[in-house]
Amino acid sequence: MAWRRVLLMVLLAVTSLAHASPRERLSLDQGWLFHKGDIPMPPVKGHGASYNYAKAGGAVGPAGANFDDSSWRRLDLPHDWAVEGGFNPNENISQGYRERGIGWYRRYFQLPVTDRGRHIELQFDAIATHSTVWVNGNVVNRNWSGYNGRNIDITPYLRYGEDVNNIAVRVDADAMEGWWYEGAGIYRHTWLVKRNAVHIATDGIHANPVSTDGKRWSLPVEIEVNSSGKAAQDAEVEVTLIDPAGKEVARSRSKVRVQPLGMSTAKLQLPIKQPRLWTLKDPKLYRVRARLAAGQGTDEAEIKTGFRTIRFDAERGFFLNGQHVKLQGVCIHQDHAGVGVAVPEAIWEFRLRRLKEMGVNAIRFSHNAPAAEVLDMADRMGLLVMDENRNFNPSPDYMQQLTWLVKRDRNHPSVILWSVFNEEPMQGTEVGYEMVRRMVAAVKALDATRPVTAAMNGGLFADINVSQAVDVVGFNYQIKDYDRFHQANPKLPLTSSEDTSAFMSRGEFKTDRARNIMASDDTEAAYWGNTHRQAWKAIAERPFIAGGFVWTGFDYRGEPTPFEWPSASSFFGAMDLCGFAKTAFWLHRAQWVKLEDAPVIKIAPHWNWAGQEGQNQRVMVLSNAPRVRLLLNGKVVDERDVDPFEMVSFDVAYAPGKLEAVALKGGAELARDVVETSGAPVRLLLTPDRKALAGDGLDAMPVTVSALDAQGRPVPTANVKVRFELSGAASIIGVGNGDPNSHESEKAPERSLYNGLAQVILQSRRAGTGELKLRALADGLQPAEITLAVQAISTPPAVAAAEPVTQLLYWRISPAQAAQPDPNVQLADNDMNTWGWGEVPIKQAAESPAWRLYRTDLRLRADLNDGRARLVFRELAGKAQVWLAGVKLGEKTTAAPAEFSVLLPTGTTQRQLTVMIESDPAQSSGVRGKVVVVKP
Ligand code: GAL
């Protein structure tokens, strides 16, 4: 018996080791299998099949564990299949004329036995749009939000060791939540998070810096402790505050007792004196680190926090740390050129950097939750955020979407406003008011520190309306009502939540409605909107309007207002879909960046008007300087004061050459901009956004493609087709050019320039190192080539994708019989009880000589259907015969437990598999090990 004790001790040691291991957050992004289109669930008919189908783990078809996915495409996430397809005039204009449809994803993975007893959570950061998730044939989640994440406790369904676990996801992207392009598929990251049974919950840290006067601070912290353990557990939580320099500045401890499968909250206070503040120019971030000790196990989690105060004043607008800040905001959707909504973090970083360059200090993520990493970036970069909920609905399912958003995002210093809706027809009704009241209460229960707003485009003066239920009223457009509403509601803080809706095509300076082109001169706007200049002036001149949110920062797919086919993406952006500046970018930069921070000067049109010599061209100069001088070919055209809203325009008789604008203050030159008439393009130029790419398979960068003339001047009218060749540890993940009317592929290694520019997006490969070379070629032009370093960097920890394995887990077991039965005897379809049910390993206790039948169904995967695959019984005990569809495949003639295998005849239909075992009275018998189908 001594060896048994040793075994027990070893087992205990292994288990306690497992419990002591730290949390792991592992990427699941690699190695998915994808099928575009639906695979209807096979019809379930007959009593036996119906009975099985209704049982846990009994999912059939592509949702089931043993589905044949051998023909599916292998890919890595994030993935947006809508952007891979073409354009179709019969598809929805709002979704950018892209086919969305239905898709399936599957993935396989294994878990070491040491994970047994840990808490294992499957996390999807977002899936567009409706999704259903199965794990090992159990449906584990249904989500009707294309923007919210889901954290699914999959611990009970998992298997360890040799067994392969399966995730299946059905995505219904025909479902829509918006009137803009929403993409299709698992377009954000996926994770497997392993923690000990007693652990800090996901989004379970809430640190809430409070100050009454901006000087004295307290930091209440709440830590949610969850347990999937089997016994009540005492635990200690220790929280430390780490300052921006990495120094610990405060520490506090608290004890909690957590019941099995229960949750307890530890509440602590951290003393903090004179913290460094989070400001827009210097957004200092502290870290709040929580450590949990519970019996043998520990856990650790960390969030970032910032010390800042916010306040909306009904007379004077918004205050950050007691200082007035006018919100210079933009609304943005979440798609980018080439990649759709599957936007790599580095491309988000590029987008936010471009917004900062434009002078933006606030972003409204319209009209949905952004990716978590984008809010981290806003924290780091010093941007203010209006965080918006997608669906206006206080029923439990939708309320869960709202509370998920607040719980996930309430630690971010960047977030200054929660928005519960955008433009809801019920905004001026009692029903709308009652709905908002409930949603506001749900937000406040989780975060009482930030005001709640709703973006209203009407109903403002109704007797009962939504403005009566929010802290800050958001105006979408309605400029004419700013004053009237303020007078009627002098105590209500107001902001524009959306304004402008002006149109520009990048690089075009003459509107041509027949060709779906809008001049980039700030003269074109939607009839419900305003030009950029009108909208900002109305906001800037009213101190009681906290600020504005321009519709939009970037173009996005869908809503090609005012046009339709062939236009497929919007004209609203201050930048195009690639992030190339339109005139509005410079206009806002001139309005929003202070002269003392950086002088801004920009000439709006290009100077390539061949054939229009002598004709007047309208030249707009965007500048934050008080005065501007314009010169053509060295001769002063004029010098004028700059209106800070209207800017300054000149009519200049066109003559080719050099047009120069000089920013002046008190007669002194501060900066100048030059545009020159170019010749025909003779060569290409590649301009990378950065010098190197990190070789982690995640890093990405946009490279600008342009054309130069013989003198090296940019050719702003070049529209040549460019082909790309790439070598090294990177891939081209998308191309774009910002032309809303283009139907070129976003995935092909080629793209035409649109008004002189195109963008190619590179992404590193995992474990990439060395160099990459990108070449750009165009007929008749000199090619361009760049070499970039791919820096070796540790790739984030990940769960390896396992190969799909057919595992025969579930068996029916006949009663023991004294005489040899017919192995093909049929059990009545409605008989659920004569034969037993079992999952391998199935061990019968030693029994007097007896025969039993073990039965299951086998369906051979197409990639194993070559007559060479073997069915392997890892341990078969007793003499045995193996029968498939009435045919004997093999016989085990000895009784001793042993591995046994048979060759499988071809055929991919579902076939009945029977193992007939004659027990050895001296020992246990049965299908005592795993049963798998393997390649030779
Ligand atoms: C608003 C709406 C936006 C967008 C915009 C276009 O009404 O909130 O999502 O549709 O109009 O002008």
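We count ligands from 1, going down the list as the structure has it; atoms in each ligand are counted the same way.
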Among Phe544, Phe485, Phe549, which one satisfies ring pair (Phe, Tyr, Trp, His ring centres under 6.0 Å) with Phe475?
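Checked Phe544, Phe485, Phe549 against Phe475; only one passes ring pair (Phe, Tyr, Trp, His ring centres under 6.0 Å): Phe485.
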
Return the CZ to OG distance between Phe563 and Ser570, rounded to the nearest 0.5 Å.
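These two atoms lie 12.0 Å from each other.
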
Can you say whether the rings of Phe87 and His743 are parallel (under 30°), tilted (30 to 60°) or perpendicular (over 60°)?
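Geometry flag for His743 against Phe87: parallel rings.
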
Could you tell me how the ring of His130 sits relative to the ring of Trp144: parallel (under 30°), tilted (30 to 60°) or perpendicular (over 60°)?
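Answer is parallel, since the angle falls under 30°.
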
What are the two closest heavy atoms between Tyr181 and Val83, and how far apart are they?
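Closest pair (atom of Tyr181, atom of Val83, distance): OH-N, 3.3 Å.
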
All salt bridge (charged side-chain N to carboxylate O under 4.0 Å, His left out) counterparts of Lys356, not counting sequence neighbours:
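Scan of Lys356 (salt bridge (charged side-chain N to carboxylate O under 4.0 Å, His left out), adjacent residues dropped) gives none.
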
I'd like the residue list for ligand 1, meaning every protein residue with a non-hydrogen atom under 4.0 Å from the ligand.
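Heavy-atom contacts below 4.0 Å: Trp179, His367, Asn422, Glu423, Asn476, Tyr477, Glu498, Ser501, Trp528, Trp551, Glu559, Phe572.
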
